[in-house]
Peer 1: 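Below: one structure in structure tokens.
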Amino acid sequence: MKHPLEDVSEWLKSHSNQNILIQKREQDDLDQVRLMLEFIGYRDGDNCSIDDYIACKALLLHGSGVVITDGHESPLPDSTFTLAVDGLSSVNVEDHQVTLQTGRGAYIIMPQ
């Protein structure tokens, strides 16, 4: 049986060298990142932190981008967006977007 993140990885790879918009909702907070996706990586439990600051499992979306907050844009630190997938509870992959629900929050990823 295929792991749900394989479908997400395939979708992301099909959008390499394209701008994507990532919306992350945690409680009442909405963060947005626009990223020119170059390639993806995966972290699987090697760098866990005691205080959950660094996710054990994460998709690493590499590329240049900006963080969009209250209409203002600032450069994405380290040219990497870390999509924490600890506690992944649902994944939905469609042509026009991917949605993920994790223990931390919900993500929507769509092409721009």
Side-chain angles (χ1 to χ4, degrees):
M1 185 171 160
K2 189 159 64 165
H3 191 280
L5 287 180
E6 288 181 50
D7 290 335
V8 174
S9 294
E10 289 173 18
W11 188 93
L12 288 166
K13 287 177 185 174
S14 75
H15 290 84
S16 293
N17 300 311
Q18 296 178 26
N19 278 315
I20 59 172
L21 180 68
I22 304 158
Q23 296 179 332
K24 173 183 162 189
R25 184 172 299 280
E26 289 181 331
Q27 298 171 0
D28 292 330
D29 187 36
L30 175 66
D31 296 324
Q32 296 186 93
V33 171
R34 186 174 51 249
L35 178 75
M36 172 57 83
L37 182 62
E38 294 174 13
F39 64 97
I40 64 170
Y42 185 70
R43 180 173 55 224
D44 189 12
D46 292 339
N47 295 321
C48 297
S49 66
I50 294 171
D51 61 1
D52 288 334
Y53 184 73
I54 297 176
C56 289
K57 295 180 182 180
L59 285 172
L60 306 173
L61 309 182
H62 299 276
S64 59
V66 293
V67 178
I68 306 165
T69 308
D70 296 327
H72 296 86
E73 296 182 358
S74 56
L76 183 65
D78 301 325
S79 296
T80 302
F81 180 82
T82 302
L83 196 157
V85 293
D86 293 330
L88 184 66
S89 59
S90 70
V91 173
N92 186 25
V93 179
E94 299 176 9
D95 288 339
H96 64 282
Q97 74 178 22
V98 170
T99 57
L100 299 106
Q101 181 71 46
T102 71
R104 289 187 167 189
Y107 297 88
I108 299 172
I109 306 168
M110 62 193 91
Q112 284 287 279

Peer 1: Nearest 0.5 Å, please: how far is CG in N92 from OG1 in T99?
Peer 2: 4.0 Å
Peer 1: Closest approach of A58 and T82, non-hydrogen atoms and distance?
Peer 2: CB-CG2, 3.6 Å
Peer 1: Please report the shortest heavy-atom distance between Q101 and G105, naming the atom on each side.
Peer 2: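 So the minimum-distance heavy-atom pair works out to NE2-O, 3.5 Å.
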Peer 1: Can you give me the closest heavy-atom contact between E94 and W11, atom names plus distance?
Peer 2: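 Looking at all heavy atoms of both residues, the closest pair is O-NE1, 2.9 Å.
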Peer 1: Give the C-alpha distance, both sets of side-chain angles, the deciding distance and a yes or no for side chain to side chain contact (heavy atoms under 4.5 Å, CB included) between V93 and V91.
Peer 2: CA-CA 7 Å; V93 179; V91 173; 3.9 Å; yes
Peer 1: Under 4.5 Å between any side-chain heavy atoms of L100 and L88, yes or no?
Peer 2: yes
Peer 1: Counting only N and O atoms by type, is there a donor-acceptor contact under 3.5 Å from the side chain of S64 to the main-chain atoms of M36?
Peer 2: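 It does not hold such a pair.
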Peer 1: Taking all heavy atoms of V67 and all of T69, pick out the closest pair and write down the distance.
Peer 2: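 Residues V67 and T69, closest heavy atoms: CG1-OG1, 3.7 Å.
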Peer 1: Can you list every ring pair (Phe, Tyr, Trp, His ring centres under 6.0 Å) pair that touches residues 76-112, not counting sequence neighbours?
Peer 2: none
Peer 1: Say you draw a straight line from CD1 of I108 to CG of L21; how long is it, rounded to the nearest 0.5 Å?
Peer 2: 9.0 Å
Peer 1: Grab the two heavy atoms, one from T102 and one from A84, that are nearest each other, plus how far apart they are.
Peer 2: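 Residues T102 and A84, closest heavy atoms: CG2-O, 3.4 Å.
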Peer 1: Should L83 and I109 count as side-chain neighbours, where that means a heavy-atom distance under 4.5 Å?
Peer 2: yes
Peer 1: For the residue pair L35 and G63, what are the closest heavy atoms and their distance?
Peer 2: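 Result for this residue pair: CD1-O, 3.2 Å.
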Peer 1: Does atom CD of Q27 have more than 12 heavy-atom neighbours from other groups under 6.0 Å away?
Peer 2: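 Count not over threshold, so no.
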Peer 1: From D70 CG over to L30 CG, what is the distance, rounded to the nearest 0.5 angstrom?
Peer 2: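 Going from the CG atom of D70 to the CG atom of L30 covers 10.0 Å.
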Peer 1: Just how far is it from atom NE2 of H15 to atom CD of E10, taken to the nearest 0.5 Å?
Peer 2: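 That separation rounds to 13.0 Å.
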Peer 1: Inspect the surroundings of CG in D95 and state if more than 12 heavy atoms from other residues, nucleotides or ligands are less than 6.0 Å away.
Peer 2: no
Peer 1: What residues form a ring pair (Phe, Tyr, Trp, His ring centres under 6.0 Å) with F39, not counting sequence neighbours?
Peer 2: H62
Peer 1: Looking at side-chain heavy atoms only, is the closest gap between I40 and S9 below 4.5 Å?
Peer 2: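 Yes. Closest side-chain heavy atoms under 4.5 Å.
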Peer 1: What residues, two or more places apart in sequence or in another chain, satisfy side chain to side chain donor-acceptor pair (under 3.5 Å) together with E73?
Peer 2: R34
Peer 1: Which distance, rounded to the nearest 0.5 Å, do you find between the CD1 of I20 and the CE of M110?
Peer 2: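 It is 10.5 Å, given to the nearest 0.5 Å.
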Peer 1: Within this structure, what is the CG-CZ distance for the pair D31 and R25, rounded to the nearest 0.5 Å?
Peer 2: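 With rounding to 0.5 Å, CG (D31) is 9.5 Å from CZ (R25).
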Peer 1: Does any non-hydrogen side-chain atom of L12 lie less than 4.5 Å from one of V8?
Peer 2: yes
